[in-house]
Engineer: 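One structure, as structure tokens, below. Some questions next.
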Amino acid sequence: MVELLLATALISAIALIVAPMMVRMNDDVSSRATADDYSLFQAAAASHFQANRGTYMAALTDGTGAANLCKLGVAIDGTGGVVANNTTLRTCALDGSMLRFLQALPVQVRERNRYGERWVAIFRAVYTTTAPIQPTGGVEMLIVSADVDGVGGVVLRDSRRYAEATVAADFTGGSGGVVPDADRSTCVVNKTTNRFEACGNGWKVNLSDFISPGQLASFANRVQN
């Protein structure tokens with residue numbers, strides 16, 4: 001009986017050790033899949049932009065053609081969806097559904113991540129910061145995953161999900177990053193100061209440079225105080 005109890009105790013102890021390891025392994029597999037999806041979408045979006053750079057530069061600078069280029073959530077035939085450009089920020093956004101309609105997204109690339117959020121590429125024309133303000137010819141691209149199909153609820157802080165995101169960002173080799181689920185010393189999410197950042201390995205951007213005040217307010221409403 002004593003030996004049986006000892007064996008049961010030993011098996012229980014091993015289970016307690018192995019279970020967290022299995023969870024971490026599953027999370028790492030999920031992070032790797034997310035990183036792969038991100039990288040494939042990033043490559044497709046960048047390739048499409050470069051192949052049509054002149055057309056997109058016009059959409060970025062004065063909105064020419066933006067109604068047919070910068071869209072989110074379109075149907076398979078390109079109808080519907082939401083136009084997503086901002087001539088003040090000089091941005092143009094398109095998601096996987098739009099790239100699919102434009103035949104620029106390989107069939108193996110997913111339009112959404114594992115949380116059901118759409119992959120979105122936001123292109124931003126770079127201008128000088130001192131007078132005279134003029135285009136530099138450069139373009140920045142920020143890839144985000146977002147709920148663009150409606151108003152979602154408040155996103156609760158989830159340390160496990162955030163850890164998955166940071167591991168996925170690491171798997172991308174430096175190009176990936178995260179928007180924190182809470183204010184952190186290295187990356188700011190602060191509703192009081194209305195400052196929200198996306199951060200990666202060696203880089204950091206303000207979301208206000210890429211999305212409109214209205215979109216930023218919608219994002220802020222989903223962040224916990």
Side-chain angles (χ1 to χ4, degrees), residues 34-75 78 80-106 109-113 117-129 133-149 168-169 172-179 187 196-219:
T34 299
D36 290 344
D37 288 344
Y38 163 87
S39 297
L40 289 170
F41 179 83
Q42 179 191 47
S47 178
H48 174 70
F49 181 89
Q50 291 296 341
N52 302 275
R53 186 182 180 89
T55 303
Y56 277 99
M57 289 304 295
L60 289 170
T61 53
D62 61 14
T64 300
N68 296 317
L69 295 171
C70 313
K71 299 183 72 175
L72 308 174
V74 301
V82 178
V83 177
N85 76 297
N86 187 302
T87 53
T88 300
L89 296 174
R90 304 181 182 92
T91 59
C92 169
L94 61 161
D95 66 356
S97 70
M98 189 62 183
L99 283 176
R100 187 83 72 196
F101 164 67
L102 295 170
Q103 299 183 346
L105 194 68
V109 181
R110 299 175 184 175
E111 297 179 18
R112 298 174 183 262
N113 67 7
E117 301 164 334
R118 291 183 181 274
W119 291 115
V120 180
I122 308 174
F123 298 98
R124 174 176 174 264
V126 180
Y127 276 62
T128 57
T129 56
I133 304 298
Q134 55 188 349
T136 66
V139 175
E140 296 176 326
M141 179 177 68
L142 179 65
I143 304 295
V144 299
S145 62
D147 176 11
V148 302
D149 300 320
T172 66
S175 66
V178 295
V179 177
C187 202
F196 304 94
E197 297 177 340
C199 308
N201 185 15
W203 63 266
K204 179 186 299 185
V205 299
N206 295 324
L207 291 182
S208 59
D209 291 337
F210 288 86
I211 61 178
S212 70
Q215 291 170 328
L216 193 67
S218 296
F219 174 81

Engineer: If every non-hydrogen atom of L89 is compared with every non-hydrogen atom of R124, which pair is closest and at what distance?
Structural biologist: O-CG, 3.9 Å
Engineer: Classify the ring geometry of H48 against Y56: parallel below 30°, tilted from 30° to 60°, perpendicular beyond 60°.
Structural biologist: perpendicular
Engineer: About how many Å separate CD of E140 and OG1 of T91, when rounded to the nearest 0.5 Å?
Structural biologist: 11.5 Å
Engineer: To check you understand the geometry: which heavy-atom pair defines the closest contact between V109 and R100, and what is its length?
Structural biologist: O-NH2, 2.7 Å
Engineer: What distance separates N113 CG from W119 CH2, expressed to the nearest 0.5 Å?
Structural biologist: 5.0 Å
Engineer: For the pair T61 (side chain) and M57 (backbone), establish whether a donor and an acceptor sit closer than 3.5 Å, ignoring hydrogens and angles.
Structural biologist: yes
Engineer: Can you tell me how far the NZ atom of K71 sits from the CE atom of M98, to the nearest 0.5 Å?
Structural biologist: 6.0 Å
Engineer: Within this structure, what is the OG1-CG distance for the pair T88 and N85, rounded to the nearest 0.5 Å?
Structural biologist: 10.0 Å
Engineer: Is the number of heavy atoms from other residues, nucleotides or ligands within 6.0 Å of CG (D209) greater than 12?
Structural biologist: yes
Engineer: Quick one: does any side-chain atom of T136 pair with a main-chain N or O of V126 as donor and acceptor, under 3.5 Å?
Structural biologist: yes
Engineer: For residues S212 and N86, report the shortest heavy-atom separation together with the two atoms involved.
Structural biologist: CB-ND2, 3.6 Å
Engineer: Please round to the nearest 0.5 Å and tell me the distance separating atom CG of L99 and atom CD of E111.
Structural biologist: 8.5 Å
Engineer: Kindly give the heavy-atom pair with the smallest separation between L105 and G96, and that separation in Å.
Structural biologist: CD2-O, 3.6 Å
Engineer: Taking the side chain as every heavy atom from C-beta outward, state whether Y38 and S175 have any atom pair closer than 4.5 Å.
Structural biologist: yes
Engineer: Parallel, tilted or perpendicular: which fits the ring planes of F196 and F219, with parallel below 30° and perpendicular above 60°?
Structural biologist: perpendicular
Engineer: Between the main-chain N or O of A35 and the side-chain N or O of T172, is there a donor-acceptor pair closer than 3.5 Å?
Structural biologist: no
Engineer: Are F49 and M141 close enough, and set up right, to give a side-chain contact (heavy atoms from CB on, under 4.5 Å), and what steps lead you there?
Structural biologist: CA-CA 10 Å; F49 181 89; M141 179 177 68; over 6 Å; no
Engineer: For G137 and R53, work out which heavy atoms get closest and say how close.
Structural biologist: O-NH2, 2.5 Å
Engineer: For D36 and S39, indicate whether the former's side chain and the latter's backbone hold a donor-acceptor pair under 3.5 Å.
Structural biologist: no
Engineer: Among V120, V74, L72, which one satisfies side chain to side chain contact (heavy atoms under 4.5 Å, CB included) with S97?
Structural biologist: V74
Engineer: Please report the shortest heavy-atom distance between A121 and I143, naming the atom on each side.
Structural biologist: CB-CD1, 3.6 Å
Engineer: Does a sphere of radius 6.0 Å around CD in Q103 hold more than 12 heavy atoms from other residues, nucleotides or ligands, not counting ones at 6.0 Å or beyond?
Structural biologist: no
Engineer: State, without any angle test, whether N206 and S208 hold a side-chain donor-acceptor pair at a distance under 3.5 Å.
Structural biologist: no
Engineer: Using 0.5 Å steps for rounding, measure from the CG atom of N52 to the CG atom of L69.
Structural biologist: 8.0 Å
